[in-house]
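Let me begin by presenting the structure, written as structure tokens, before commenting on it.
All chains are named by letter (A, B, ...) in the order of the sequence lines, taking the proteins before the strands, and each is independently numbered beginning at 1.
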Amino acid sequence: MGLCLTSGQVFRWSRNASDVWTGVDGPNWFRILQLEERLIVETNGQTSDLERFFQLHLSARDVIHSILSAGPELEPYLGFGRGLRVLRYADPVECLFTFLCSANNHVPRISAMVRHLATLGPPLEGLAEQRRFPGVERLAAVTEEELRSAGFGYRAASLPKVAALLRERGGDAYVWSLQDAEYEEARDELISLPSVGPKLADCIALFGLGFGESVPVDTHIWKAATRIYFPNYAGLSLTPQKYEEFATFFKKRFGANAGWAHQALFYEGLLNWRSR
DNA sequence: TACGGACCTTTC
DNA sequence: AAAGGTCCGT
């Protein structure tokens with residue numbers, strides 16, 4: 001539980017004093033207290049909203065078992081069984097713009113940028129201090145200057161550009177409709193957006209559209225991949241071709257669970273980092 | 001195709 | 001310097 005809210009999948013969650021987590025996802029806010037195996041939850045939403053967010057319909061035990069039988073080499077890195085999960089955004093538009101903020105960036109700043117965008121959205125039911133992430137229409141009305149002065153850097157130009165293009169394609173409904181496409185098609189649509197490359201497209205496909213076979217390869221995943229699978233590539237940069245090579249290999253190996261297996265590589269990175 | 005560098009800004 | 005990249009030059 002603790003890990004998955006700080007593992008770079010979502011950026012609107014924070015740990016309050018003690019073991020209480022609060023966060024916003026789509027139209028819902030949550031205040032969660034974890035006691036052993038039980039969650040005490042305060043929310044404006046339904047139980048099903050939280051179940052969806054944590055993808056509780058997927059049994060971590062089953063997924064881990066499946067990953068182990070396909071890739072026993074990941075056994076040392078499945079310690080995430082204690083709570084690291086692949087999360088699912090309620091709103092793919094929120095996911096898309098969140099990950100636009102994430103490119104070549106670090107977590108504290110990503111969170112600040114997402115927080116800024118969220119101030120532009122409609123109020124959340126029953127919670128005064130936070131707002132829902134805005135939709136395409138509102139985001140298309142944001143100016144570059146506004147985002148510049150809010151510290152968005154060069155993304156100040158790309159975000160409104162993407163919003164305008166999305167609006168041309170049908171706005172929120174277009175983004176939501178990508179959930180019903182095949183993974184490859186959805187990914188291609190996303191990559192056709194400026195500032196969205198393979199990595200962001202795969203993050204959006206995995207966390208926002210629910211494509212479990214998606215494998216986002218960032219610099220940390222790439223380093224883990226070279227340690228475990230491609231020692232010959234150690235130290236080499238992640239070119240588009242190597243990205244595809246590894247993603248294809250990993251998808252073939254783990255199928256619909258590739259996105260979860262990829263979390264094991266993230267965990268390997270954590271262990272590797274801690275051991276230094 | 002495959003590298004190098006630029007791009008905004010903050011943080012380690 | 002590096003940051004969970006992308007794009008545009010060689």
Side-chain angles (χ1 to χ4, degrees), chain A residues 3-13 77 80 84-87 89 94-117 142-163 165 187-208 211 214-228 230 232-248 250 258-274 276:
Chain A
L3 270 178
C4 64
L5 298 176
T6 53
S7 61
Q9 301 182 52
V10 290
F11 301 89
R12 296 196 69 189
W13 289 75
Y77 317 117
F80 68 76
L84 186 58
R85 304 180 66 88
V86 171
L87 301 175
Y89 281 66
E94 176 172 355
C95 182
L96 199 164
F97 284 90
T98 293
F99 280 95
L100 270 177
C101 295
S102 78
N104 188 23
N105 211 348
H106 47 83
V107 172
R109 188 170 173 223
I110 298 167
S111 304
M113 290 162 70
V114 170
R115 201 178 309 130
H116 177 88
L117 292 177
V142 177
T143 65
E144 174 177 349
E145 303 78 65
E146 177 186 343
L147 295 182
R148 284 272 169 194
S149 58
F152 276 59
Y154 57 82
R155 300 163 202 84
S158 54
L159 262 65
K161 231 171 260 176
V162 169
L165 187 50
R187 187 176 190 267
D188 289 345
E189 290 284 319
L190 292 169
I191 289 181
S192 74
L193 298 167
S195 309
V196 178
K199 195 273 179 180
L200 295 198
D202 278 325
C203 283
I204 299 160
L206 182 61
F207 308 126
F211 291 103
S214 181
V215 183
V217 187
D218 59 45
T219 71
H220 301 298
I221 296 292
W222 174 240
K223 282 175 186 159
T226 61
R227 283 190 290 263
I228 300 174
F230 298 132
N232 291 344
Y233 287 161
L236 299 185
S237 63
L238 179 59
T239 63
Q241 195 170 82
K242 293 205 199 69
Y243 188 110
E244 295 308 324
E245 181 182 357
F246 173 68
T248 303
F250 212 62
W260 283 72
H262 136 279
Q263 291 298 99
L265 295 187
F266 177 85
Y267 190 65
E268 193 271 355
L270 273 186
L271 294 177
N272 194 271
W273 184 77
R274 276 178 191 162
R276 290 190 311 157

- dG4(C): syn or anti, per glycosidic angle within 90° of 0: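 Base orientation relative to the sugar is syn.
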- When you measure from the side chain of Y89(A) to the backbone N and O of E94(A), does any donor-acceptor pair fall under 3.5 Å?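 Side chain of Y89(A) to backbone of E94(A): no pair is present.
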- Message: Please check: side-chain N/O of H116(A) versus main-chain N/O of M113(A), any donor-acceptor pairing under 3.5 Å?
- Response: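 No, because the side chain of H116(A) does not come within donor-acceptor range (under 3.5 Å) of the backbone of M113(A).
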- Closest to side chain of H106(A), choosing from dC8(B), dT10(B), dA2(B):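 Ranking dC8(B), dT10(B), dA2(B) by closest atom to the H106(A) side chain puts dT10(B) first.
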- Closest to the K199(A) side chain, choosing from dG4(C), dA2(B), dT9(B):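 Of the candidates, dG4(C) comes closest.
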Using atom [atom1] in both nucleotides, what's the gap between [N] and [M] to the nearest angstrom?
N: dC8(C); M: dC8(B); atom1: P; answer: 13 Å
N: dA1(C); M: dG5(B); atom1: C1'; answer: 15 Å
N: dG4(C); M: dC3(B); atom1: P; answer: 23 Å

Under 4.0 Å from OP1 or OP2 of [N]: is there any side-chain N or O of [X] that close?
X: H220(A); N: dG4(C); result: yes
X: R148(A); N: dC8(B); result: yes
X: K242(A); N: dC3(B); result: yes

- If each of D218(A) and V196(A) is mapped to the nucleotide of DNA chain C with the nearest heavy atom, which maps nearer the 5' terminus, i.e. the 5' end?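 Closest to the 5' end, via its nearest nucleotide, is D218(A).
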- Query: Can you find an N or O donor on one side and an acceptor on the other, under 3.5 Å apart, linking the side chain of Y154(A) with the base of dG5(C)?
  - Reply: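 Yes, the side chain and the base share a sub-3.5 Å donor-acceptor pair.
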- Does a side-chain heavy-atom distance below 4.5 Å link R155(A) with L100(A)?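 Of all side-chain heavy-atom pairs linking L100(A) with R155(A), none is under 4.5 Å.
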- Does some side-chain heavy atom of R109(A) sit less than 4.5 Å from a side-chain heavy atom of C101(A)?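 Heavy-atom side-chain distance check fails, nothing below 4.5 Å.
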